[in-house]
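Notes to accompany the following structure.
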Amino acid sequence: MDKHYDAKASEAKWYKFWEEGGCFHEEPGEGVPYSVVIPPPNVTGILHMGHALNQTIQDILVRWRRMQGRNTLWLPGTDHAGIATQNVVEKALKKEGKRRQDLGREAFVERVWEWKKQYGGTIVHQQRMLGNSTDWSRERFTFDEGCSKAVAKVFCQLFDEGLIYKGNYIVNWCPRCGTALANDEVEHEPNHGHFWYVRYPVVGSEKGVAGEPYKDYVMVATTRPETLPGDTAVAVNPKDDRYAHLVGKTVILPLAGREIPVISDDYVDREFGTGIVKITPAHDPNDFLVGKRHGLAEINIMTDDAHMNELAGEKYCGMDRWECRKALVADLEAGGYLDHIEDIDNQVGHCYRCHETVESRLSKQWFVKMKPLAEPAIAAVKSGEVKFVPERWSKIYFNWMENIQDWCISRQLWWGHRIPAYTLRANAGAGEDSKGKGDELIFVAETAEAALEKAKARTGNAALALADLEQDPDVLDTWFSSWLWPFSTLGWPEKTKDLDYYYPTNDLVTAQDIIFFWVARMMMAGIHFMKKPPFKNIVIHGIVRAADGSKMSKSKGNSLDPLELIDQYSADALRFSIALITSLECDTKVNKEKFEIGRNFTTKIWNAAKFLEMQEAALGEAGADIRSTFGKPLSADDRHILWACDLACRKVNDILEAYRIQDGALAVYDFFWTQICDGYVEYVKDSPNKAVSLAILRDVFWKALRLLHPYMPFVTEEVAHQLGFLRDGETIMRAKFPTGYSGDDKKAWGLSQEVYDFVNAKREAITAIRALRAEYKVPPATWVKVTVATGDERAAVEAESLKKAMRAESVEFVPVGSDLAMPSKITAFGTVYLSLEGLVDKAAESKRIAGEIAKISGFVKSAEAKLSNENFVAHAPEAVVAEARRKLAENKEKIAQLEKLAKLFA
RNA sequence: GGGCUAUUAGCUCAGUUGGUUAGAGCGCUUCCUUGACAUGGAAGAGGUCAGUGGUUCGAAUCCACUAUAGCCCACCA
């Protein structure tokens with residue numbers, strides 16, 4: 001083996017080997033399936049720490065299951081990310097001085113596809129750097145042919161079932177981009193605004209003179225005076241005694257002169273403003289809901305680009321909204337309607353793309369009725385059919401699902417799945433019955449041809465042609481394709497073997513921020529279209545944060561780049577470190593130094609492997625099989641490591657079964673570093689039976705590598721080959737994941753908890769002597785005399801190995817209770833005494849001892865009190881009581897010895 | 001305002017149904033380049049588990065309140 005591990009070369013080599021060798025691929029058929037779909041990253045994306053965490057967890061689960069022998073599929077892919085991708089391409093166009101409108105829809109979409117072809121693979125290549133064992137032969141794209149088919153079918157089915165409708169709704173509207181924005185696409189920012197107090201005269205009251213107050217009016221406070229022409233009511237709280245007498249009356253809308261009712265609604269906050277609100281259903285989301293409850297008219301007074309329309313009144317028609325605000329406020333003042341103006345700090349929504357102030361606006365959009373879909377999805381989690389890990393996330397899921405709102409699925413973009421709804425062009429013969437209530441005739445079908453047939457049948461006009469149909473210009477929300485991801489990627493709506501075998505998937509691993517957008521919707525779609533929830537477990541992990549706890553973002557410059565970390569430390573180091581420092585329970589703060597853990601561990605593994613190789617070479621018996629130890633006597637240390645290995649194997653399996661990725665990393669780290677390297681390797685160096693010990697080391701090493709493989713795929717593969725555990729062409733990916741030793745083997749080797757504890761006790765004794773040496777500043781070169789008071793007859797056998805470890809010229813054994821005045825420490829092995837032969841400063845030592853006695857006395861006192869408490873003795877488990885007794889006795893003995901010592905130094 | 005979560009060593013975090021004198025990594029102190037490894041080894045210092053009260057023989061763990069921090073939703077006319 002080389003002196004240093006070349007991670008870069010190794011990682012490139014093995015990934016190529018795995019991918020080209022089809023190691024990530026399985027065919028449906030035999031065995032128990034285990035499948036996972038990746039949360040598809042945006043095709044515009046580049047790999048960030050969130051991906052690294054998310055995908056590391058998935059790869060650990062997937063590699064582990066594969067090694068267990070499950071027929072495993074981890075399906076990769078990307079999301080077409082409508083608005084983000086369109087934005088990227090628009091930016092590129094801008095550099096050429098063009099807008100998308102200059103190209104026209106078709107050419108623009110073509111242009112986006114070209115962009116995708118050229119740059120869309122970036123993240124897919126970056127994922128390979130992580131070592132993901134995704135089956136690239138099944139890679140999908142939410143906008144590929146199959147997924148598009150699925151989207152069209154789903155839309156049509158939901159429409160036929162009456163679950164999709166087109167309706168007026170209040171949406172966040174960006175006047176500059178000309179599109180509806182999802183709630184998460186609106187950024188709220190603090191704003192210094194004003195509160196305009198406006199008087200609405202009560203009908204029947206006398207009109208005052210201009211500039212003077214009306215005698216009888218209601219005072220409304222508003223931050224949006226320009227929406228006043230759209231008011232269709234004013235509202236008060238039903239419990240507000242101040243205004244109870246007004247409810248049911250009508251008031252005059254200033255300037256417009258219309259009469260509007262005074263209504264009462266719980267939405268109104270008595271404490272805020274004047275306690276009276278103007279209701280503008282077409283321009284405020286809350287007012288919209290109030291309007292629905294009270295059957296109010298919705299008057300849209302603005303155009304798509306936020307200019308006033310004719311409904312705003314002749315004077316304001318054509319004005320920009322801010323211009324209108326000025327003009328209208330001036331007119332209110334002139335008319336005596338304006339009482340006063342107040343400063344107020346509030347929040348105003350901005351478009352996340354162009355930063356224009358978002359307008360709440362009534363518009364025709366497509367919606368999915370969510371309630372009927374949500375109910376079975378709630379039930380699936382309630383019944384335990386689908387589980388959240390950690391379980392608490394189900395609360396958040398229920399909270400959202402039980403208050404679910406209809407989903408606005410139309411977007412005024414060009415890049416995305418075109419809505420499969422068609423209307424007849426104006427000049428086409430539509431037939432008499434299609435006109436009437438102002439509703440347009442809509443034909444929803446998966447293809448234009450099918451829509452045409454429907455149109456012909458509906459209108460009775462057989463002469464209609466495709467050219468007479470006009471497709472809805474909008475596209476669907478990106479999530480409308482991702483919510484089908486677990487089955488559309490397996491071939492649905494076709495009946496494929498993959499779908500049959502791998503659906504439902506087993507685990508879905510994602511961060512908390514898309515539980516609503518994605519997880520909940522996948523649940524609904526899976527249950528509705530496949531009749532089965534799309535996965536069995538939903539594993540939610542935290543978010544990766546910067547060292548100061550803030551979100552990582554490129555603009556802040558506080559983000560770590562996983563690719564840089566891979567370059568500097570290796571993919572294994574990145575994976576292991578992130579697994580070790582991340583708990584599912586909460587967010588993770590990371591800084592660069594954290595990744596040294598994984599890098600150092602990689603080095604440790606490499607060096608330990610070198611040790612094994614060298615020792616075997618020296619012995620001239622390279623690669624002895626564990627079977628060569630059968631029937632041979634094993635030392636306590638040999639049996640100790642075998643027991644520890646067995647424990648580790650069981651532990652890691654149990655831990656991964658419970659998705660405790662972090663604990664698994666810790667367990668395997670501790671097993672390798674503490675048990676194998678610090679413990680057994682140190683023993684092997686001086687083992688009296690090296691051939692046997694090396695065979696054992698070889699065996700536990702191979703088990704450790706396999707336990708580690710899900711976390712550190714590359715270095716484990718490399719070392720497994722270097723040490724000859726695998727032949728050329730074989731891979732650790734397909735090696736069996738260790739489950740521990742058989743009961744028969746353990747019996748034959750004489751393994752037991754007792755032996756394991758004995759060796760731990762022996763090591764404790766060694767540590768105690770080292771500590772005593774350090775306390776009394778005995779130089780390392782000085783060989784000391786050690787005495788051990790023990791009743792354990794096994795101890796004497798260890799005298800030789802103790803000598804070396806303690807750097808003792810002699811180790812003497814005496815019976816328990818021997819009266820020795822020497823510095824000592826009590827261990828499970830026995831009490832160890834260190835002969836100093838007058839090496840210390842007596843005064844200082846005497847003082848130190850006094851302090852120590854005081855400290856231990858405190859404990860003895862409280863322990864005595866505890867043990868004299870009848871209730872404790874009666875209720876506490878036996879082992880706890882026994883342990884307490886033992887500790888008490890031990891500490892009493894400690895004090896006795898210290899007192900002897902004190903006399904010695906007095 | 002509604003919902004959720006956190007507060008344990010200087011830092012980042014474990015601590016699984018309540019039960020030893022509360023652990024790990026990093027950092028820090030001291031010592032050690034002995035043939036796997038200084039990206040290492042040995043030893044050590046450092047915590048009244050945010051606060052107050054309650055339940056209990058026993059609380060970091062369960063309950064209530066308080067303080068502080070964070071997240072999500074709704075967002076204020």
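We name chains A, B, ... by the order of the sequence lines, and we start the count at 1 in each one.
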For this session: Indicate, with a heavy-atom threshold strictly under 4.0 Å, whether Arg599(A) touches base, sugar-phosphate, or nothing.
Result: base
Exercise. Could you state the CZ-P distance from Phe517(A) to rC72(B), rounded to the nearest angstrom?
Worked result: 10 Å
Problem set entry | Test item: side-chain donor near acceptor, Tyr5(A) and Ser10(A), under 3.5 Å | yes
Seminar exercise, completed: Winner on side-chain proximity to Ala771(A), out of rA43(B), rU20(B), rC75(B), is rA43(B)
For this session: Indicate, with a heavy-atom threshold strictly under 4.0 Å, whether Val590(A) touches base, sugar-phosphate, or nothing.
Result: nothing
Problem set entry | Proximity to the side chain of Asn607(A) - top-ranked nucleotide from rG25(B), rA36(B), rG19(B) | rA36(B)
For this session: Can you measure from OG1 (Thr827(A)) to NZ (Lys762(A)) and round to the nearest 0.5 angstrom?
Result: 12.5 Å
Exercise. Between Asn600(A) and rG40(B), is there a side-chain N or O to OP1/OP2 distance below 4.0 Å?
Worked result: yes
Exercise. Would you call the rings of Trp673(A) and Tyr669(A) parallel, tilted or perpendicular, where under 30° means parallel and over 60° means perpendicular?
Worked result: tilted
Exercise. Is any side-chain N or O of Arg763(A) closer than 4.0 Å to OP1 or OP2 of rA42(B)?
Worked result: no
Identify the pairs formed between an N or O of the protein and an N or O of nucleotides 3-7 of chain B at a distance under 3.5 Å, and give each distance.
unit_1, atom_1, unit_2, atom_2, d
rU5(B), OP1, Lys395(A), NZ, 3.3

For this session: Would you mind classifying the nucleic acid contact of Asn286(A) as base, sugar-phosphate or nothing, using non-hydrogen atoms under 4.0 angstrom?
Result: sugar-phosphate
For this session: Find the distance Phe576(A):CZ to rC26(B):P and express it as a whole number of Å.
Result: 12 Å
Exercise. Where do Arg242(A) and Val236(A) land on the side-chain contact (heavy atoms from CB on, under 4.5 Å) test, with the steps shown first?
Worked result: CA-CA 9 Å; Arg242(A) 293 175 296 172; Val236(A) 301; over 6 Å; no
Exercise. Between rC57(B), rG40(B), rA77(B), which one does the side chain of Thr223(A) approach most closely?
Worked result: rA77(B)
Exercise. What is the nucleic acid contact for Gly598(A), judged by heavy atoms within less than 4.0 Å: base, sugar-phosphate only, or nothing?
Worked result: nothing
Problem set entry | Polar contact flag, side-chain donor to acceptor under 3.5 angstrom, Asn607(A)-Lys610(A) | yes
Problem set entry | N or O in side chain of Lys610(A) less than 4.0 angstrom from rC37(B) OP1/OP2 | no
Problem set entry | Phe195(A), nearest nucleotide to its side chain (from rA77(B), rG25(B), rC57(B)) | rA77(B)
Problem set entry | Between P of rA36(B) and CZ of Phe701(A), the distance in whole Å | 14 Å
Problem set entry | Nearest-nucleotide pick for Val277(A), side chain only, options being rA14(B), rU20(B), rA77(B) | rA77(B)
Problem set entry | Pairwise P distance, rG25(B) and rA42(B) [rounded to whole Å] | 11 Å
For this session: Starting from the C-alpha separation in whole Å, work towards a yes-or-no answer on side-chain contact (heavy atoms from CB on, under 4.5 Å) for Ile676(A) and Leu697(A).
Result: CA-CA 8 Å; Ile676(A) 294 184; Leu697(A) 180 60; 3.9 Å; yes
For this session: Could you check whether Arg545(A) gets within reach of a base, just the sugar-phosphate, or nothing at all, counting any heavy atom under 4.0 Å?
Result: sugar-phosphate
Problem set entry | Any side-chain donor near an acceptor of the partner, Lys278(A) and Thr280(A), under 3.5 Å | yes
Exercise. At under 4.0 Å, does any side-chain N or O of Thr767(A) touch on OP1 or OP2 of rA43(B)?
Worked result: yes
For this session: Describe the nucleic acid contact of Phe601(A) in one word from base, sugar-phosphate, nothing, applying a heavy-atom distance below 4.0 Å.
Result: nothing
Exercise. Closest to the Arg660(A) side chain: rC57(B), rU16(B), rA43(B)?
Worked result: rU16(B)
Seminar exercise, completed: Secondary structure of RNA chain B per the Watson-Crick/G-U criterion (both distances under 3.5 Å; [ ] crossing, | other strand, . unpaired) is (((((((..((((.....[...)))).(((((.......))))).....(((((..]....))))))))))))....
For this session: Please check the phosphate of rA43(B) (OP1 and OP2 only) for any side-chain N or O of Lys825(A) closer than 4.0 Å.
Result: no
Problem set entry | Minimum-distance nucleotide to Gln662(A) side chain [options: rA36(B), rA14(B), rG25(B)] | rA14(B)
For this session: Can you sort out the partners of Arg763(A) under side-chain contact (heavy atoms from CB on, under 4.5 Å), two or more places apart, ordered by chain and number?
Result: Asp637(A), His640(A), Gln675(A), Val759(A)
For this session: On RNA chain B, check which nucleotide each of Phe516(A) and Lys3(A) is closest to and give me the residue with the more 5' one.
Result: Lys3(A)
Problem set entry | N or O in side chain of Lys589(A) less than 4.0 angstrom from rC11(B) OP1/OP2 | no
Problem set entry | Nearest-nucleotide pick for Ala876(A), side chain only, options being rG19(B), rG15(B), rC31(B) | rG19(B)
For this session: Mark yes when over 12 heavy atoms from residues, nucleotides or ligands other than His340(A) sit less than 6.0 Å from its NE2; otherwise mark no.
Result: yes
Seminar exercise, completed: Side-chain atoms of Arg770(A) come closest, of rC32(B), rA43(B), rG19(B), to rA43(B)
Exercise. Quick one: is rU39(B) close enough that its OP1 or OP2 comes under 4.0 Å of any side-chain N or O from Trp673(A)?
Worked result: no
For this session: Using a strict 4.0 Å threshold on nitrogen-to-oxygen distance, state whether Glu864(A) and Lys861(A) make a salt bridge.
Result: no
Exercise. Salt-bridged, Lys892(A) to Glu890(A), with N to O below 4.0 Å?
Worked result: no
